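Lettering of chains follows the sequences in order, A, B, ..., and the numbering in each one begins at 1. Nothing here was measured: the structure is a model prediction, and the numbers come from that model.
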Amino acid sequence: MDYLKGLNEPQFEAVTTLEGPLMVLAGAGSGKTRVLTMRIAHLITNGIDPFNILALTFTNKAAKEMKERIAKLVGDSNARSLWMGTFHSVFARILRIEGHYLGYPSNFTIYDTQDALNVLKKVIKDLGIDAEIYKAKKVMSRISQYKNNLITVNAYFNNPELMEADERANMKHMGEVYRKYVEACFKNGAMDFDDLLLKTNELLTRFPEVLAKYQDRFRYILVDEYQDTNHSQYLIVKALASKFENICVVGDDAQSIYSFRGANIYNILNFKKDYPDAVTVSLEQNYRSTQNIVDAANVVISKNLQQFKKNVFSENEVGEKIKIYRSLSDADEANFVSANIYELHNTQQRHFSDFAILYRTNSQTRAFEDALRKKNIPYKVYGGLSFYQRKEVKDLLAYLRILVNENDSEALSRIINYPARGIGETTQNKLVVFADSQNLSVSQVLDNLGFYAPQLGLNNGILTKLGDFWAMIKAFQVMLKTDNVYDVAMEVAKRSGLIKFLKEDATPEGISRVENIQELLNSMQGFIDEQIQIEDGDPSLSNFMENIALSADTQTDKDDDTNKVSLMTIHLSKGLEFPIVHLVGLEENLFPSFMSSATREDLEEERRLFYVALTRAEKQVFFSYAVSRFQWGKITDAEPSRFLSEIDSHYLEMINPVAELKFINRSGLDSSIFDETPSEPRFYKKKEEKKTLERNTNVPPPKKTLKPVATARIINPAGQSSQDIEVGDMVRHDRFGVGKVEFLDGTDPQNIKAKVIFANEGEKNLILKFAKLTKI
DNA sequence: TACACCGGCCTTTTT
DNA sequence: GGCCGGTGTA
């Protein structure tokens, strides 16, 4: 048992306490994954059949990584018989086997968020209620809340409080919407993400024999990231574990970042109540990061009221301070980051794979991609608008979904007239209405089109088109019986007219759509190859569909991830580590997000997110923020994130000029950044505080009211007169945004020309008299 | 029936 | 800036 050597005391305890309930509180970087994998290995070496072990993770990435590490310890065949995966994928697998208890076919479709929203929109439309009030997204998140708290439609109607709450929210039809939505999904033979958990609960509660079967099977249960489980997941785990109580949960309350998905931090906080005999182990030594990083992170998280007390520490080197870069714009920020990576790559022989760029929202990727590409730095974007969510990809997949599950009316409506084949909205409505009236599915009507034709009220031309379409689908289905997934998909892409249609569009976007289709086909080929190699692999179409439905980021994982800069959201980065982290977009309303600044709870979750980001880094962290950002189609002013001011200044170091240090020093000491009305204006904040050129150059007075010059004095610590514009100055232009003055030309004050390089717009030559430049 | 155009809306994070 | 839904036109 060599692997036990090198564990510290609490780690050893966590690995070797095999029986009974165990809670491992694992601080960031404390070797959590190592403990989990070794624990599993230890179970197996102690004679436990891997078949009896269930390990649940939160992301596919985590599952995959852990499986690989376990395989190294205990061998491939042992690792393979483990049940390891995300909650959703494991229980989808179980529902495929047992779903018939609940009336679901084993080939049920899994709806992603978009599919579910489409179904919901139709429901709302059919009910004839105000779509302005019943916004699909809003309604969906309510439904999701219900489901995650096991409030079924019936339970809803038996719960006056809930109904009243919805009524107060001016949504008295919520129950009806919920009912119709659930019915529609059921009829389509489909489950949404929440259903995978809800239905599992239903299965385990209503059918004791099923529960007993899986209790006996999963004698040892491990749950990673337990702080991120929601109520539904909590109940599943509890039910499965109740027989043997060999349950080990691992988590860190400081890293709970999924409450928007229903994660309930009390699941971990109350573990001791559920299992009074539980052993608790705390892993507090951080082996990942420098002291500076760990200490700074501790300072940040200490601002949260709600947390377990713990003392995460590092005995690594002190390390460098966190460096902060203040940029003019998102583009400028991206250029800094790419230049910085380039330089460290050259001067410190860093691999590109040593770097991560972490951001709050996916929409921030674009600028970094551009900047990295310019410098020929290889990179990989994780997550984001997943490949499988692109329209053209979903379209082709919709054809394939129909082949697997004919009742999937969402897929059918997507493709029945795409590419256009003359089956318009009117026709589709007639079909749906008729099918509903006969209590049939549309596919059943299409199966017997000749028989129903007289009642449909459609002309012969349309009937022929419908017949042709359905014959094509049927032919694909026949083909699926003999041919492999790739060949069928290729045939679908060709015969449906999809490829031809996409190829007609010669714009870059159009070309990339064709490429995406090609890539989808390639990934199918890859899937087949992979499944054939695996013992008892399953290269079927339905297995392929399941794989992609539950994995946002599998996409082209085939290509080598070696030596590329990683770009991802902070959420995705959880559990990962990188020598050098760039944490970007540290601005108010972006991070913390404007959606999460309202309540203390929301803000604390943002802070935990910040903590997660910071603790990804091993050696060095770079923060950056932009004073203006191109978003929502225009340039928006931004101010630095409050999180920056929450870190003591001695952990920090400004990369660029003087003025910023002033800000950091001050805000390190007080919290004026929180004040609604700061005692003194901050130099970067409001337009009104910026200087103008009016006195010297006779520029027409700006339309906006300006504050007295006294403000400007504070803005400019060097004390030079506020009206001068000099080469090197940062200026703002009403239309072009923020830029830097490169060159001034002319002596006549009436006719001075300035060459300004704008962060977003590039180089412009401006006549000062006309260009209303504001010095910043 | 198909498509172009317009206007309003929003936009966090993931399974 | 991009998406969606509605509307007007060929």
A:Phe630 CZ - C:dG2 C1' separation (whole Å)
12 Å
Looking only at side-chain atoms of A:Arg261, point me to the closest of B:dA2, B:dT15, B:dT12.
B:dT15
Contact under 4.0 Å: A:Asn362 side-chain N or O vs B:dT13 OP1/OP2:
yes
Base, sugar-phosphate or nothing for A:Lys135? Non-hydrogen atoms, less than 4.0 Å.
sugar-phosphate
Tell me, with the steps shown, if A:Tyr214 and A:Glu98 meet side-chain hydrogen bond (donor to acceptor under 3.5 Å, both in side chains).
CA-CA 11 Å; A:Tyr214 288 98; A:Glu98 318 289 352; 2.6 Å; yes
Rounded distance in Å - CD1 (A:Ile124) to P (C:dC4)
15 Å
A:Leu466 CG to B:dT1 P, straight-line distance once rounded to whole Å
10 Å
Is it true that A:Lys135 and A:Asp130 make a salt bridge, defined as a side-chain N closer than 4.0 Å to a carboxylate O?
no
For B:dT1, does OP1 or OP2 lie under 4.0 Å from any side-chain N or O of A:Thr427?
yes
A:Glu132 CD to B:dC9 C1', straight-line distance once rounded to whole Å:
9 Å
Does a salt bridge link A:Glu225 with A:Lys32, judged by any charged N lying under 4.0 Å from a carboxylate O?
yes
Using a heavy-atom cut-off of under 4.0 Å over every strand shown, decide if A:Ser596 touches base, sugar-phosphate, or nothing.
base
Distance test, side-chain N/O of A:Ser593 to OP1/OP2 of B:dT13, below 4.0 Å
no
Taking any heavy-atom pair under 4.0 Å as a contact, classify A:Phe58: base, sugar-phosphate, or nothing.
sugar-phosphate
Can you tell me, in whole Å, how much space there is between the C1' of C:dC4 and that of B:dT13?
23 Å
Its contact letters, B for base, S for sugar-phosphate only and - for none at protein heavy atoms under 4.0 Å, make nucleotides 5-10 of chain C read S-----
Atom CG of A:Asp194 and atom C1' of B:dT15 are separated, to the nearest Å, by 9 Å
Donor-acceptor pair under 3.5 Å: do we get one between A:Thr113's side chain and the base of B:dT15?
yes
For a quick check of understanding: with a heavy-atom distance under 4.0 Å over all strands, which category does A:Leu56 fall into, base, sugar-phosphate or nothing?
nothing
Starting from P on B:dT14, measure out to OH on A:Tyr388 and report it in whole angstrom.
17 Å
By the 4.0 Å heavy-atom rule, please label A:Ser89 as base, sugar-phosphate, or nothing.
nothing
A:Phe260 side chain, from C-beta outward: closest of B:dT14, B:dT1, B:dT15
B:dT14
Reckon A:Asn417 has a side-chain N or O less than 4.0 Å from the OP1 or OP2 of B:dA2?
yes
Measure OH/A:Tyr258 against P/B:dT15 and give the value in whole Å, please.
6 Å
May I ask you to decide if the ring planes of A:Phe87 and A:Phe91 are parallel, tilted or perpendicular, using 30° and 60° as cut-offs?
tilted
Is A:Arg421 salt-bridged to A:Asp468, cutoff N-O under 4.0 Å?
no
Ion pair present between A:Asp126 and A:Lys122, side-chain N to carboxylate O less than 4.0 angstrom?
no
Verify whether the ring centers belonging to A:Tyr234 and A:Tyr266 lie closer than 6.0 Å.
no
Ignoring hydrogens and angles, state whether a donor on the side chain of A:Ser542 or A:Asn107 is under 3.5 Å from an acceptor on the partner side chain.
no
Salt bridge check: are A:Arg414 and A:Asp115 linked by an N-O gap of less than 4.0 Å?
no
Distance in angstrom units between A:Ile416 CD1 and B:dA2 P, rounded
12 Å
First of A:Leu609 and A:Arg421 reached from the 5' end of DNA chain B, by closest nucleotide
A:Arg421
Ranking A:Met595 and A:Gly422 by the position along DNA chain B of their nearest nucleotide, the one closer to 5' is A:Gly422
Could you work out which one of C:dC4, B:dT11, B:dT13 sits closest to the side chain of A:Gln114?
C:dC4
